[in-house]
Amino acid sequence: MDATERIQAASQFLLQSPPGEINDVLNDIRNIISDDELLQEGIQPALREYNIEQFTVVDVPETNHLSIISEAARLGPVSEEDDAQERFLDPRSKLSFEFDHLSLEASDPQPYEPNEEHEPFRLALETAALNYLKAHFTDGVIVVLSPKEGSTQYVIQVVANKYNPTNFWSGRWRSEYTVDLESKQVAGKMLINVHYYEQGNVQLATTNVISFDLPPHVLSAIPNNTAASKILALIEEEERKYQVSLNETYQEMGEKTFKGLRRALPLTRQKLDWDKVLGYKLGAELAGTNKSTLPTS
Amino acid sequence: MADVIDSMLDLMRRLPPTRTEENVNTLVGICPDEADELLQSVDQPLQVMVDRATGREYLACDYNRDGESYRSPWSNEYDPPIDDGAVPSSKMRKLEIQANEAFDTYREMYYEGGVSSVFLWDPEDPSGGSNFAGVVVLKKTMSPTMPYEPSGSWDSIHVFETVERGRQAHYKLTSTVMLQLVTRKGTETDVKVPADKKVPENWKRDGEVTLSGSMTRQTEQDWPLQDSASHITNIGKMIEEIEIKMRNLLQEVYFGKTRDIVYDLRSVEDLEKARRQKELQKELVGFIKR
């Protein structure tokens with residue numbers, strides 16, 4: 001493999017990192033590639049992609065709250081040729097900052113002038129969203145962004161992380177909603193990742209996309225603050241529904257798929273008599289199952 | 001710094017189990033020198049092959065591979081055919097045939113379908129007596145016949161070593177189970193909501209849940225030995241025991257632990273309400289005590 005291919009491989013590994021384990025993955029990659037210089041330079045785009053995709057949480061300087069690194073919070077540079085350092089926005093503190101994708105630190109905070117037309121409704125959504133966050137997440141972060149130029153969509157993002165390396169597990173909940181007052185639609189996605197790795201490697205990965213029209217009782221309230229809390233109530237209901245349906249999926253998988261793959265005990269409800277087994281050729285004779293399901297031998 | 005192979009194994013314990021094959025291939029590409037050790041240490045999903053001579057299905061894994069060919073436990077033939085493919089000695093082959101029959105029964109009893117294969121290999125040192133080794137592999141797949149039907153696969157790999165000590169034998173067993181479960185859900189699969197429950201206009205959803213992974217356990221036991229066939233009985237009992245244990249463990253981790261973590265991330269109940277209720281209760285208790 002040449003240098004480009006090795007960087008590409010390393011980047012692919014990095015993007016698959018489970019929640020909270022990117023540094024462990026990076027350490028492994030360093031040892032495997034064993035070319036720090038090549039890696040340091042080449043891995044930057046993957047780190048950036050990971051942070052944006054995974055809603056990496058950032059401590060915003062000069063504030064005592066956390067914000068989220070994401071595509072929606074990204075400010076310029078407008079074109080790739082532009083040398084200007086990429087910045088991210090924290091709408092809550094009205095600050096923009098630079099972000100180091102390796103150390104995960106924010107720097108150079110600067111005031112950001114919000115769009116006057118959108119700011120009141122954004123603020124109403126943010127207030128309602130913070131209340132929602134408190135009600136359902138213990139380690140959650142929420143960000144509400146005004147529509148970007150040329151767009152009519154407010155963006156609401158949630159991320160919650162729990163890392164517990166001493167007990168070999170980690171988890172991440174991400175959700176994102178766009179609220180479009182023009183098309184009167186809400187679209188959203190919820191993503192869950194769980195890694196359990198005590199003497200093994202077990203992962204849960206879920207995706208769920210939803211969309212619905214804003215109902216009349218919400219539309220008639222716009223742009224009042226009550227519209228914002230009604231929208232968050234709808235989101236709360238969607239997330240509740242999703243969690244309940246996930247629970248049903250768990251049950252279904254446990255009762256249908258898991259049992260269908262391997263029985264806990266044979267039909268006889270007894271373990272095998274191995275001395276007998278050696279004397280029989282066909283399991284079906286012991287199990288008493290339908291002969292038509294037998295493999296032809 | 002740790003050995004490269006250790007870093008590779010650590011990496012494989014972290015990356016998604018659904019992409020094991022792809023990631024192992026990439027690692028082999030980066031460090032071809034470590035390929036053999038990596039392929040021996042990382043269990044990969046078993047491949048189902050069809051024996052050309054008997055038409056019976058068997059499993060292909062690293063243990064019945066010679067070059068690019070795989071040996072069938074039914075006909076003892078390699079596919080694609082090779083002239084000098086490694087085969088067990090006639091004594092070992094006899095035991096292998098018996099073991100395959102026995103585990104075929106085991107497979108039918110527990111899996112009610114699927115495919116099983118047993119491969120044995122002679123002791124490396126001919127003077128080592130009958131201290132042979134082998135692998136028992138089992139696989140069952142459930143494929144959806146419709147887009148929203150759940151699917152899944154179970155792969156068991158049991159590698160064992162035997163050491164004969166007079167009328168006793170000592171067994172060392174390493175068992176890995178790989179389990180994958182996938183369920184897709186869409187708007188059309190959802191049961192109609194009762195009329196009193198309000199659902200927004202144009203409500204649509206599409207989702208997928210994947211639970212995947214592997215667990216490995218090691219066991220060592222001594223069992224009495226009457227004849228060579230006792231090995232099959234002994235190993236059979238050990239594998240049956242550990243598969244029952246591992247099935248329970250997988251059930252606990254897949255459906256218990258990962259679900260608990262989701263509920264740790266997000267609470268269905270209103271945490272604020274619960275907090276207020278607690279405070280209220282405290283107040284009441286204080287009030288009554290007064």
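Chain A is the first sequence line, chain B the second, and so forth, proteins listed ahead of strands; every chain is numbered from 1.
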Report yes if the side chains of [X] and [Y] come closer than 4.5 Å at any heavy-atom pair, otherwise no.
X: A:Met253; Y: B:Tyr254; value: no
X: A:Tyr250; Y: B:Val209; value: no
X: A:Leu272; Y: B:Tyr106; value: yes
X: B:Thr18; Y: A:Gln203; value: no
X: B:Ser267; Y: A:Thr138; value: no
X: B:Met12; Y: A:Asn201; value: no
X: A:Leu265; Y: B:Ile244; value: yes
X: B:Lys140; Y: A:Arg262; value: no

Could you tell me the separation between the [atom1] atom of [X] and the [atom2] atom of [Y], rounded to the nearest 0.5 Å?
X: A:Thr257; Y: B:Glu149; atom1: OG1; atom2: CD; value: 9.5 Å
X: B:Ser7; Y: A:Ile33; atom1: OG; atom2: CD1; value: 11.0 Å
X: B:Asp3; Y: A:Ile32; atom1: CG; atom2: CD1; value: 12.0 Å
X: A:Arg263; Y: B:Glu243; atom1: CZ; atom2: CD; value: 14.5 Å
X: B:Phe255; Y: A:Thr249; atom1: CZ; atom2: OG1; value: 11.0 Å
X: B:Leu15; Y: A:Leu15; atom1: CG; atom2: CG; value: 11.0 Å

Based on non-hydrogen pairs under 4.5 Å, which of [options] is most in contact with chain B?
options: A:Arg172, A:Lys256, A:Gln185, A:Lys189; value: A:Arg172
options: A:Val202, A:Thr206, A:Val218; value: A:Val202
options: A:Tyr197, A:Phe13, A:Trp173, A:Tyr242; value: A:Phe13
options: A:Phe258, A:Trp169, A:Tyr132, A:Phe137; value: A:Phe258
options: A:Ser17, A:Pro18, A:Pro215; value: A:Pro18
options: A:Ser211, A:Gly188, A:Ala160; value: A:Ser211

Just so I understand: if I count every heavy-atom pair under 4.5 Å between each of [options] and chain A, which residue has the most?
options: B:Gly152, B:Gly236, B:Ala274; answer: B:Gly236
options: B:Gln251, B:Gln98, B:Arg275, B:Glu57; answer: B:Gln251
options: B:Asn202, B:Leu250, B:Leu11, B:Leu265; answer: B:Leu265
options: B:Glu208, B:Glu241, B:Met215; answer: B:Glu208
options: B:Arg259, B:Gln180, B:Glu269, B:Met8; answer: B:Arg259
options: B:Leu179, B:Asp206, B:Leu211, B:Thr26; answer: B:Asp206

Closest approach of [X] and [Y], non-hydrogen atoms and distance?
X: B:Pro16; Y: A:Gln16; result: CD-OE1, 3.3 Å
X: B:Arg217; Y: A:Gln199; result: NH1-CB, 3.1 Å
X: A:Lys134; Y: B:Leu271; result: O-CB, 3.8 Å
X: A:Gln243; Y: B:Arg266; result: OE1-NH1, 2.6 Å
X: B:Asp270; Y: A:Ala135; result: OD1-CB, 3.3 Å
X: A:Asn31; Y: B:Val4; result: O-CG2, 3.7 Å

Can A:Leu261 and B:Leu181 be said to form a side chain to side chain contact (heavy atoms under 4.5 Å, CB included), step by step?
CA-CA 10 Å; A:Leu261 286 172; B:Leu181 306 163; 3.9 Å; yes
With a 3.5 Å distance limit and no angle check, can you tell me whether B:Asp10 reaches the backbone of A:Asp28 through a side-chain donor-acceptor pair?
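Looks like no, no N/O pair under 3.5 Å.
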Side chain from CB out, backbone as N, CA, C, O: work out which of these in [X] comes under 4.5 Å of a heavy atom of chain B, or both, or neither.
X: A:Asp275; result: both
X: A:Asn161; result: backbone
X: A:Glu252; result: side chain
X: A:Lys184; result: neither
X: A:Ser34; result: neither

With a 4.5 angstrom heavy-atom cut-off, which part of [X] approaches chain A: side chain, backbone, both or neither?
X: B:Ser156; answer: neither
X: B:Val253; answer: side chain
X: B:Thr210; answer: both
X: B:Val115; answer: neither

Does either side chain, that of B:Lys185 or that of A:Ser245, offer a donor lying less than 3.5 Å from an acceptor on the other one?
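Not at all, the side chains of B:Lys185 and A:Ser245 share no donor-acceptor pair under 3.5 Å.
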Show, in sequence, the C-alpha distance, side-chain angles and deciding distance for B:Arg14 and A:Glu21, and conclude whether the salt bridge (charged side-chain N to carboxylate O under 4.0 Å, His left out) test is met.
CA-CA 8 Å; B:Arg14 296 184 190 278; A:Glu21 295 172 46; 2.8 Å; yes
Inspect the surroundings of [atom1] in [X] and state if more than 12 heavy atoms from other residues, nucleotides or ligands are less than 6.0 Å away.
X: B:Gln277; atom1: CD; answer: no
X: A:Glu5; atom1: CD; answer: yes
X: B:Glu272; atom1: CD; answer: yes

Decide, yes or no, whether a salt bridge links B:Arg205 with A:Glu238 under the criterion of side-chain N to carboxylate O below 4.0 Å.
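Here B:Arg205 does not pair with A:Glu238 in a salt bridge, since their nearest N and O are not under 4.0 Å apart.
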Would you call A:Glu198 and B:Lys257 a salt bridge, taking side-chain N to carboxylate O under 4.0 Å as the test?
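Salt bridge flag = no for B:Lys257 with A:Glu198.
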